[in-house]
Colleague: 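Before I ask anything, here is the structure I am working with.
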Amino acid sequence: MSDSNQIQSACTPSKRAPTHRYRAALAARIEARWQATWEAEKAFAALNPGDEGFDASTPPFYCLDMFPYPSGAGLHVGHPIGYIGSDIICRFRRMQGDNVLHPMGWDAFGLPAEQYAIMTGVHPRETTQKAINNFRRQLQRFGFSYDWSREFATIDEDFYQWTQWIWLQAWSSWYDHRVERARPITELAAALERGEATVDKQGHLTWETGEPNIWNDLSDAAKSTVLDNHRLAYLGEQIVNWCPKLGTVLANEEVINGRSERGDHPVTRRPLCQWLFRITAFADRLLDGLKNLDWPESTLIQQTSWIGRSEGADLRFAINDFGGTLDVFTTRPDTIFGVTFMVVAPEHPLVESVLKSPTNGCDTDAIRAYVDTTRNRSDVERMADSKDKTGVSLGVTVTHPATGEPLPVWVADYVLMGYGHGAIMAVPGHDARDQAFAQRFGLSTNTVVSPPSGVDDPCWSGDGIAINSSSDALNIEGMTTAEAKAAVIHWAELGAHGCGRTSWRIRDWLFSRQRYWGEPFPIVHGPDGVHYPVSSEHLPVSLPDIDDYEPAENEDPTPLLGKVTAWINTTAGEAGVDPALLAPDTPVRREANTMPGWAGSCWYFIRYCDPHNKDAFVGADAEKYWLADGVDLYIGGAEHAVLHLLYARFWHMMLHDLGHLTSDEPFRRLFHQGLITSFAYQREDKSLVPVDEVDEDASTELATGEPVNRIIAKMSKSLRNVVNPDEIIAEFGADTFRLYEMYMGPLDASKPWNTRDITGSFRFLQRTWRLVVDEQDGSLLVREQPDEDVERLLHRTICKVGADIDKLAFNTAIAAMIEFVNAATQAGGLTADQLDRFSRILCPFAPHIAEELRSLLELDGLCALAAWPDYDDAMLHDDTIEIPLQVKGKVRGRITVAADADEATVTAAALSEPSIVDLLGGDEPRKVIVIPGKIVNIIP
RNA sequence: GGGCCCGUGGCGGAAUUGGCAGACGCAGCGGCCUUAAAAGCCGCAGCUCCAUAGGAGCGUGUGGGUUCGAGUCCCACCGGGCCCA
């Protein structure tokens, strides 16, 4: 600033912007001051049972944000929207007297830091720590009421030792389907020892008594194999998604259209021995548990379809000439009379048999050619072009079990080997894909289900009445779909043609990765091929340092940790195996795989309850207090609808069964915040133009003058429409930022960011400030006597804001506060008492300015810890109300009546209102509809 | 291909869940203040038409239906988004 300006300012103070106007610099001072105060006074530290000052009568409220993965790029304005919402709820509940647990931490293992390490050689721990520090700094500028004393990262050793411990719990357990819960594996061993359970030569477990029990004849290694086959964490051969480029296997969920979700590299399928979780054992409970959750409907639907329970039947068709049977799974056994052909997947063993010993009329060349071309197509491609079906006849037939008719067998790639038995019975009358196939190859169609009346669908796939459905062996004619299903299953079971079966889409969860930056498994491979756990007092198994992060890019999956031979090859004693299990000098090999990024997020919310506990993953008292009914409110993105939320539920159920947790569901209420999108500009040919190359007012491209259309897109670097919250806070302050994001629209809707709109929220705070503060000297300006209308409106605003916060409808709560401030400005100000109450309802939204206003009032204590103000019901309603009068649904006049006027009074008043009298022209109305307190509709 | 959600002024959105469509904010226009500008304050503001005040008609993606009354419920279609294949 130049000298002359200063002189002029000093001489003519009225020309100068007032020194105590609410602007960015003042907001920054206010925000720094109160953030420091909150920290110094530990205002948001949640008290645990046993802590000094803990009051058991205070209701607990656990509000959780999905913790972020701290990326090197820092926060953009989309990140905080959920955190602002949860902070408002937390501050509100705190003011209502709850003991609020509102923690924050870091999901810090994962691929990006490791890939950065591959490029730069910088240890992922270093990169991650830097990113964490930056995220923390950015988040703290918002004034969130987190209890930072509970902060941790999943890479901290005293956190991941318990992640490893929980994995060992799973490894040490099995699922008892008789009682539907997980139990310690030692109890299974004991039952086998006592002969309560028996095991046959194939290793199958039964609880039928009287079976010959071979358990006690087994070698120790064989016993251990039997137990291993029942553990909830087990080593199994599975077809995996192998990504040579990333040097790791990926979960199905991490593969999108045959490419890796991260990095978009090709993924192929191959069998591999991997650590798995037996999540399928919990499938029924994971499904049933959804019924009691207060979750968004769309997420419940997604989890339901992911688990994918389908009731149906396995049916058996005798293969002619070859012998043996072709087994299929179908959800519609009632359509058995509609089967006109069979289809097997190209990988089906029958195809190989046919090629080995072809029958007459079998074109082996065509079959081989077809199988070869389909082999390279992904499941996605195979399912996608449903319109253009391909396939080849196998030249064999099967016998229809109910009619005895021969049915041709085809091979086609729309049938997948991975689902059911890799074979289907085709019912072209009632399945769209089968119909398309039948039409393509001229196969016949039987209609066997009559749709409900009014439906005219040549390929009805819904329920109906069975028609054309009888033979000497089976008659289901006239039955409903449900009856027919039951009848066919009953018939099939009696005649050994099949049995009823529930099939699941969910598969066991692949839980090992060949990457470096993850939790090591706390288990070693003994010389006898048996696994030995690292005993819990030797946890964590620390991740060793390595020099070279580059994965071996080859066809043979090798874990990165396999390179650290000195760490891999050790002794039982060195690794921490219980000497009672294995002599300390026994050479052992450590497990070289690491856990996937999901591991820490499966239980981090449990650790927040008791983050510094050295003896347990959570203390029993803290767990019972905070998690008796799960997390009260969980806010996070809908992109985690299936994976994270399903995995966390699985761990929670397992730990519950084993007696470590009170509740069996982790998250009672779930809320998904919407995405913050951005405006982007599109040329006529739909190509996108970066925002900084566009004249936004004229809607033209700067370089060419060509017109562009404004569209809504995700924020992205390439469009240069990413907004950094640091800049917005510097320009307007954190309170304005918080208000703006909450005022944009409903929290669960996706909404476009528009920097221009922020000024509205900023001006609201300026008006609020000016309403009660002298902009020249900063002193408080309040009136002595309250304005009657303002007082009435204040009661309504308190009521509305409180109700809206409960509904997470922050946008309308803020609109109500703006209306209040505008009305109070017009009415000439507030009393000190009114300002006190208003600052308290403003506090959850704009906590810093609220504290500042409270301190100007010289009231004791922090606004953040003050009680939520009361309102008087009597002040919410007026004595008289105006009611619109409609004639045939159009408003034609209004009357003012007492709020509690009865129907007759309102009718009389309405019919004597001049404009209504006019319109009726002396005739009696045919009908008068009075909705008390709302509207009158007159039908002439 | 399937599932779920959503289409309201120039823009973001509101609407007590079937009862006055467009709250509140942005942008816009007019006025006050100012030498001027910014800021601020006061006011106008869905569209079309007639018009001096004022009035009439049309309006929540399109078409139909239910209802005294539909942005809201039902059916079909069009468009967009998300998720899953």
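Chain identifiers are assigned alphabetically (A, B, ...) following the order of the sequence lines, protein sequences preceding nucleic acid strands; residue numbering begins at 1 within each chain. Bear in mind the structure is a predicted one, so any value in this text is a computation, not a measurement.
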Colleague: For nucleotides rG81(B) and rU8(B), find the distance between their P atoms and express it as a whole number of Å.
Modeller: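 Those two atoms are separated by 14 Å.
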Colleague: Does a nitrogen or oxygen in the side chain of R770(A) sit under 4.0 Å from OP1 or OP2 of rA39(B)?
Modeller: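 No, R770(A) has no side-chain N/O under 4.0 Å of OP1/OP2 on rA39(B).
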Colleague: Roughly, in whole Å, what's the span from CG in L739(A) to C1' in rC26(B)?
Modeller: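 From L739(A) CG to rC26(B) C1': 15 Å.
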Colleague: Looking only at side-chain N and O atoms, does D902(A) offer a donor or acceptor that is under 3.5 Å from a partner on T905(A)?
Modeller: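 A pair is found: one side chain offers a donor N or O, the other an acceptor, under 3.5 Å apart.
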Colleague: Would you kindly give the CG-to-C1' distance between N754(A) and rC11(B), to the nearest whole Å?
Modeller: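 To the nearest whole Å, that distance equals 7 Å.
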Colleague: Distance between the P atoms of rU62(B) and rA56(B), in whole angstroms?
Modeller: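 It works out to 25 Å between them.
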Colleague: Quick one: ring pair (Phe, Tyr, Trp, His ring centres under 6.0 Å) partners of F671(A), sequence neighbours excluded?
Modeller: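 Counting only residues at least two positions away or on another chain, F671(A) forms no ring pair (Phe, Tyr, Trp, His ring centres under 6.0 Å).
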Colleague: Round to a whole Å and report the spacing from NZ of K927(A) to P of rC68(B).
Modeller: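 K927(A) atom NZ is separated from rC68(B) atom P by 6 Å.
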Colleague: Hey, what's the ring geometry for Y647(A) with W509(A), parallel, tilted or perpendicular (30° and 60° as the breaks)?
Modeller: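 Because their plane-to-plane angle is under 30°, the rings of Y647(A) and W509(A) count as parallel.
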Colleague: Say you pick atom C1' in rG12(B) and the same atom in rG22(B); how far apart are they, in whole Å?
Modeller: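 Pairwise C1' distance, rG12(B) against rG22(B), rounds to 13 Å.
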Colleague: Categorize Q886(A) for me: base, sugar-phosphate, or nothing, with a 4.0 angstrom heavy-atom threshold over every strand shown.
Modeller: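 Base contact - Q886(A) has a heavy atom under 4.0 Å of at least one base atom.
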Colleague: Nearest to the T759(A) side chain among rC42(B), rC26(B), rC68(B), which nucleotide is it?
Modeller: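 Nearest nucleotide to the side chain: rC26(B).
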Colleague: Which whole-number value in Å describes the distance from K751(A) NZ to rC26(B) P?
Modeller: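 Going from NZ in K751(A) over to P in rC26(B) covers 19 Å.
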Colleague: What distance, rounded to whole Å, do you find between the two P atoms, one in rG13(B) and one in rC20(B)?
Modeller: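 Roughly 22 Å separates the two P atoms.
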Colleague: Could you go through the salt bridge (Lys or Arg N to Asp or Glu O under 4.0 Å) check for D789(A) and R792(A) one step at a time?
Modeller: CA-CA 5 Å; D789(A) 291 337; R792(A) 200 171 271 275; 5.2 Å; no
Colleague: What's the CG-P distance between D757(A) and rC26(B), to the nearest Å?
Modeller: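 These atoms are roughly 8 Å apart.
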Colleague: Hey, does N937(A) reach any base, or is it just sugar-phosphate, or nothing, if we go heavy atoms under 4.0 Å?
Modeller: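 Base contact.
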Colleague: Look at all strands and tell whether E775(A) reaches a base, only sugar-phosphate, or nothing, counting heavy atoms closer than 4.0 Å.
Modeller: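 No contact.
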Colleague: Classify the ring geometry of H76(A) against H79(A): parallel below 30°, tilted from 30° to 60°, perpendicular beyond 60°.
Modeller: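 Answer is tilted, since the angle falls between 30° and 60°.
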Colleague: Distance from I841(A) atom CD1 to Y871(A) atom OH, nearest 0.5 Å?
Modeller: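 Reported to 0.5 Å precision, the distance equals 12.0 Å.
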Colleague: Measuring from the side chain of Q826(A) (C-beta onward, heavy atoms only), which nucleotide among rC20(B), rG25(B), rG43(B) has the closest atom?
Modeller: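 Per side-chain heavy atoms of Q826(A), the pick is rG43(B).
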Colleague: Taking the chi torsion of rU17(B), is it syn (within 90° of 0) or anti (everything else)?
Modeller: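 Syn, since the glycosidic angle lies within 90° of 0.
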Colleague: Please check the phosphate of rC5(B) (OP1 and OP2 only) for any side-chain N or O of Q302(A) closer than 4.0 Å.
Modeller: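 No, no such contact exists.
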Colleague: rG79(B) and rA21(B): how far apart are their C1' atoms, nearest whole angstrom?
Modeller: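 Those two atoms are separated by 23 Å.
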Colleague: Considering only heavy atoms, which members of residues 799-820 of chain A lie under 4.0 Å from some atom of RNA chain B?
Modeller: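 Those residues are N811(A), T812(A), A815(A), I818(A), E819(A).
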Colleague: Can you check rG9(B) for me, syn or anti if syn means within 90° of 0?
Modeller: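 Nucleotide rG9(B) adopts syn.
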Colleague: For rA23(B) and rC49(B), measure between their P atoms and round to the nearest Å.
Modeller: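 Straight-line distance between the two P atoms is 23 Å.
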Colleague: Across the strands shown, which category fits S761(A) at heavy-atom distances under 4.0 angstrom: base, sugar-phosphate, nothing?
Modeller: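 Here S761(A) touches no strand at all.
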Colleague: Do R756(A) and rC11(B) share a donor-acceptor pair, side chain to base, under 3.5 Å?
Modeller: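 Such a pair does not exist between side chain and base.
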Colleague: Side-chain donor-acceptor contacts of residues 746-753 of chain A below 3.5 Å, not counting sequence neighbours, with atom names and distances?
Modeller:
{"from": "K751(A)", "atom 1": "NZ", "to": "P746(A)", "atom 2": "O", "distance (Å)": "2.7"}
{"from": "K751(A)", "atom 1": "NZ", "to": "A749(A)", "atom 2": "O", "distance (Å)": "2.8"}
{"from": "W753(A)", "atom 1": "NE1", "to": "T755(A)", "atom 2": "OG1", "distance (Å)": "2.8"}

Colleague: Taking the nucleotide of RNA chain B with the nearest heavy atom to each, does L675(A) or P752(A) sit closer to the 5' end?
Modeller: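 The residue whose closest nucleotide sits nearer the 5' end is P752(A).
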Colleague: Could you label the plane-to-plane angle of the H644(A) and F667(A) rings as parallel, tilted or perpendicular, counting under 30° as parallel and over 60° as perpendicular?
Modeller: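 Plane angle between 30° and 60°, so tilted.
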Colleague: Could you spell out the base pairing of RNA chain B in dot-bracket, with Watson-Crick or G-U pairs whose two distances are under 3.5 Å, [ ] crossing and | to another strand?
Modeller: (((((((..(((......[....))).(((((.......))))).(((((...)))))..(((((..]....)))))))))))).
Colleague: What residues, two or more places apart in sequence or in another chain, satisfy salt bridge (Lys or Arg N to Asp or Glu O under 4.0 Å) together with R767(A)?
Modeller: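 Applying salt bridge (Lys or Arg N to Asp or Glu O under 4.0 Å) to R767(A) gives none.
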Colleague: Testing the basics here: between L287(A) and I307(A), what is the closest heavy-atom pair and its distance to 0.1 Å?
Modeller: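 Closest approach of L287(A) to I307(A), heavy atoms only: N-CD1, 3.8 Å.
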Colleague: Taking CD from E741(A) and P from rG12(B), how many angstroms apart are they, rounded to a whole number?
Modeller: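 Rounded to the whole Å, the gap is 17 Å.
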Colleague: Could you state the CD-P distance from Q766(A) to rC41(B), rounded to the nearest angstrom?
Modeller: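 It is 9 Å, rounded to the nearest whole Å.
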Colleague: Round to a whole Å and report the spacing from CZ of R738(A) to C1' of rG25(B).
Modeller: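 After rounding, the gap between these two atoms is 19 Å.
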Colleague: If the C1' atom of rG9(B) is compared with that of rG61(B), how far apart are they to the nearest Å?
Modeller: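 Their C1' atoms lie roughly 15 Å apart.
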Colleague: If you compare every side-chain N and O of R763(A) against the phosphate oxygens of rA27(B) (OP1, OP2), does one of them come in below 4.0 Å?
Modeller: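 For R763(A), the contact criterion (side-chain N or O under 4.0 Å from OP1 or OP2 of rA27(B)) is met.
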Colleague: Please tell me which of K934(A) and P746(A) maps to the more 5' nucleotide of RNA chain B, matching each residue to the nucleotide holding its nearest heavy atom.
Modeller: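 On the 5' side of the pair lies P746(A).
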Colleague: Indicate, with a heavy-atom threshold strictly under 4.0 Å, whether I929(A) touches base, sugar-phosphate, or nothing.
Modeller: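 It contacts base atoms.
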Colleague: With sugar-phosphate meaning primed atoms plus P, OP1 and OP2, does S298(A) contact a base, only sugar-phosphate, or nothing at under 4.0 Å between heavy atoms?
Modeller: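 If one applies the 4.0 Å heavy-atom cut-off, S298(A) turns out to touch the sugar-phosphate alone, with no base involved.
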Colleague: If the P atom of rC68(B) is compared with that of rU16(B), how far apart are they to the nearest Å?
Modeller: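 22 Å, rounded to whole Å.
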Colleague: Sequence neighbours excluded, which residues qualify as salt bridge (Lys or Arg N to Asp or Glu O under 4.0 Å) partners of K934(A)?
Modeller: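 Listed in chain order: nothing, the list is empty.
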Colleague: How are the rings of F762(A) and Y22(A) set relative to one another: parallel (under 30°), tilted (30 to 60°) or perpendicular (over 60°)?
Modeller: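 Aromatic pair F762(A)/Y22(A) classed tilted.
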